[in-house]
Amino acid sequence: MTAFWTEADFDDHELVQVVRDAKSGLTAIIALHSTHLGPGAGGTRFWHYADASDAMRDALRLSRGMSYKNAMAGLPMGGGKAVILANQDKAKTPEMLAAFADAVDALGGKYVTAEDVGISEADMAAVAERTQFVSGLPVEGDDAAGGDPGPFTALGIFLGIKAAVKHKLGKDSVEGVHVAIQGTGSVGGGVARLLAKDGAKLTLSDIHMDRAEALATEIGAETAAPDAIMSIACDVFSPNALGAVLDDEGIARLDCQIVAGGANNQLRRAEHGPMLAKRGILYAPDYVINAGGIISVTLEYLCRNDKAPCDINEVRKRIALIPGRLEQIWQESDSSGASPDQVADRMAQELIGR
Ligand code: NAD
């Protein structure tokens, strides 16, 4: 058996804990990559993995990603992530969530959890009954930090796309700029609406085409089939669905000048960042451009603990810093010859003392 700490994705994680609770049937992994800047913050994923090493790999990669994302967003939080290994039927019981909450609580605040794929706000509210180390809980009113992170993530991506358009195309506005959007869910839908308001030309796609078509009718956009969206001739390709779409084949298909979207882990492997750069395509590193949601839920958590202002203007102020961070990355990339993802990784590593 190969020990996980000899695997490529193990990056001197501070703590990797396997949680087993025979009574409820819970098997989970909590991975804390770095607490250099603060408690490891990152959501819990509920997923049916092919095998245990798949789950371990996901936890290791995602928690490192959260270290980078939180550091680059200027948040006083480190990186952590949890995965709950679902069975084939994806059965999730209150007892499992309770056992998971107790494991989070036992870490005494070193790890702060939230929702991720497969975990709802209601699940997190249940976890919050047994531990205070939770963010992403429902908030009251429209002017408080927290709640659904999607719209905040979308706002950051919209601002990031505008910055990319300025940097690469020299345009101050997105009016008439053609953006192809893959995925029209919470994030992609929000990005599309903001871009439409500013006069961008949009092509939308989703595996649920009825969703893309309804939005296209609402905002006046074109649609394209899921297998066509990556090869559309456009200015910006915006991935807002799945990760790992930027692989050999995906990059070869692109007919755009910019890739900027919210999906996590867009580059399949490390070499795909330089590959994009070699094709002359400007890339907005995913964990920098998609930090709007984590900014909001983190401020909600810090506010509950009297460590940050609670109001939404503080969230907006911090999201407004995303374009400047991207510009800094692109400028350094232009002058050093390193690709933007490499520059961002290096900056993040410095921030977390690695
Ligand atoms: P969502 O489930 O609301 O939307 C995803 C959409 O993508 C769905 O409409 C789905 O049908 C579509 N989709 C799935 N596979 C597709 C494919 N192959 N081609 C086209 N469309 C496809 O999820 P979301 O919250 O909008 O998140 C989108 C992405 O952004 C994810 O990768 C997520 O990890 C990332 N992200 C989300 C947030 C957030 O605040 N929600 C924050 C950071 C990153």
Side-chain angles (χ1 to χ4, degrees), residues 41-47 58 61-63 65-66 68-70 72-73 75 79 81 83 114-121 124 135-137 139 145-161 179-194 202-216 218 221 223-232 237-247 249-250 253 259-268 284-300 315 318-319 322:
T44 297
R45 184 165 287 193
F46 183 84
W47 194 253
D58 214 22
R61 273 191 202 171
L62 290 166
S63 58
M66 289 312 300
Y68 289 10
K69 188 186 293 203
N70 292 334
M72 292 298 276
L75 295 169
K81 199 92 184 181
V83 300
E115 297 92 336
D116 193 63
V117 179
I119 294 283
S120 66
E121 238 178 36
M124 266 308 128
S135 61
L137 296 172
V139 288
D148 178 10
F152 296 105
T153 304
L155 174 62
I157 292 159
F158 166 68
L159 297 175
I161 289 176
V179 185
I181 299 185
Q182 181 182 50
T184 53
S186 172
V187 173
V191 173
R193 285 193 177 88
L194 290 166
L202 301 174
T203 305
L204 312 178
S205 187
D206 198 291
I207 39 163
H208 296 291
M209 275 310 285
D210 49 338
R211 193 173 290 173
E213 272 153 17
L215 182 62
E218 179 196 319
T223 58
D227 59 358
I229 192 74
M230 282 189 80
S231 28
I232 295 252
F237 170 64
S238 184
N240 296 291
L242 303 176
V245 291
L246 302 172
D247 56 8
E249 196 216 322
R253 288 170 68 193
V259 172
N264 280 315
N265 300 329
Q266 291 166 30
L267 301 168
R268 181 169 289 275
D286 46 17
Y287 59 82
V288 181
I289 196 172
N290 74 11
I294 192 77
I295 289 173
S296 171
V297 298
T298 297
L299 289 187
E300 165 223 314
V315 176
R318 289 179 184 233
I319 292 175
I322 290 176

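Counting convention: from 1, in listed order, for ligands and their atoms alike. Atoms considered below: every heavy atom in the structure, side chains included; atoms not considered: hydrogens, waters and symmetry mates. We're numbering straight along the sequence, starting at 1.
- Per-atom contact check: atom 7 (O) of ligand 1 touches the protein, criterion being a heavy-atom distance below 4.0 Å.
- In this structure, K69 is part of the shell of residues with a heavy atom less than 4.0 angstrom from ligand 1.
- Near P149, meaning under 4.0 Å from any of its heavy atoms, are these atoms of ligand 1: 40 (O).
- The protein non-hydrogen atom at the shortest distance from atom 41 (N) of ligand 1 is V187 CG2, 3.5 Å.
- For atom 36 (N) of ligand 1, a protein heavy-atom neighbour is present inside the 4.0 Å cut-off.
- Side-chain contact between S135 and T298: absent, with no pair of heavy atoms (C-beta onward) separated by less than 4.5 Å.
- Of the protein's non-hydrogen atoms, A241 O, 2.8 Å is the one closest to atom 32 (O) of ligand 1.
- By the 4.5 Å heavy-atom criterion applied to side chains, F152 and I319 are counted as neighbours.
- Comparing G185, A212, A291 by heavy-atom distance to atom 4 (O) of ligand 1, the nearest is G185.
- Nearest to atom 18 (N) of ligand 1 among the protein's heavy atoms is L242 CD1, 3.7 Å.
- Given atom 3 (O) of ligand 1, the protein heavy atom at minimum distance is S186 N, 2.9 Å.
- Residue contacts with ligand 1: T184 is placed with no nitrogen or oxygen under 3.5 Å of a nitrogen or oxygen of the ligand (distance criterion only).
- Among all protein heavy atoms, the one lying closest to atom 21 (N) of ligand 1 is I207 N, 3.2 Å.
- At the shortest separation from atom 9 (O) of ligand 1 among protein heavy atoms lies R211 NH1, 2.4 Å.
- Taking distance alone, with nitrogen or oxygen atoms compared against 3.5 Å, Q182 stays at or beyond that limit from ligand 1.
- For atom 30 (O) of ligand 1, the nearest non-hydrogen atom from the set G262, G292, G243 belongs to G262.
- The nearest heavy-atom contact from the protein to atom 28 (C) of ligand 1 is N240 O, 3.2 Å.
- Ranking the protein heavy atoms by distance from atom 11 (O) of ligand 1 puts D206 OD1, 2.5 Å first.
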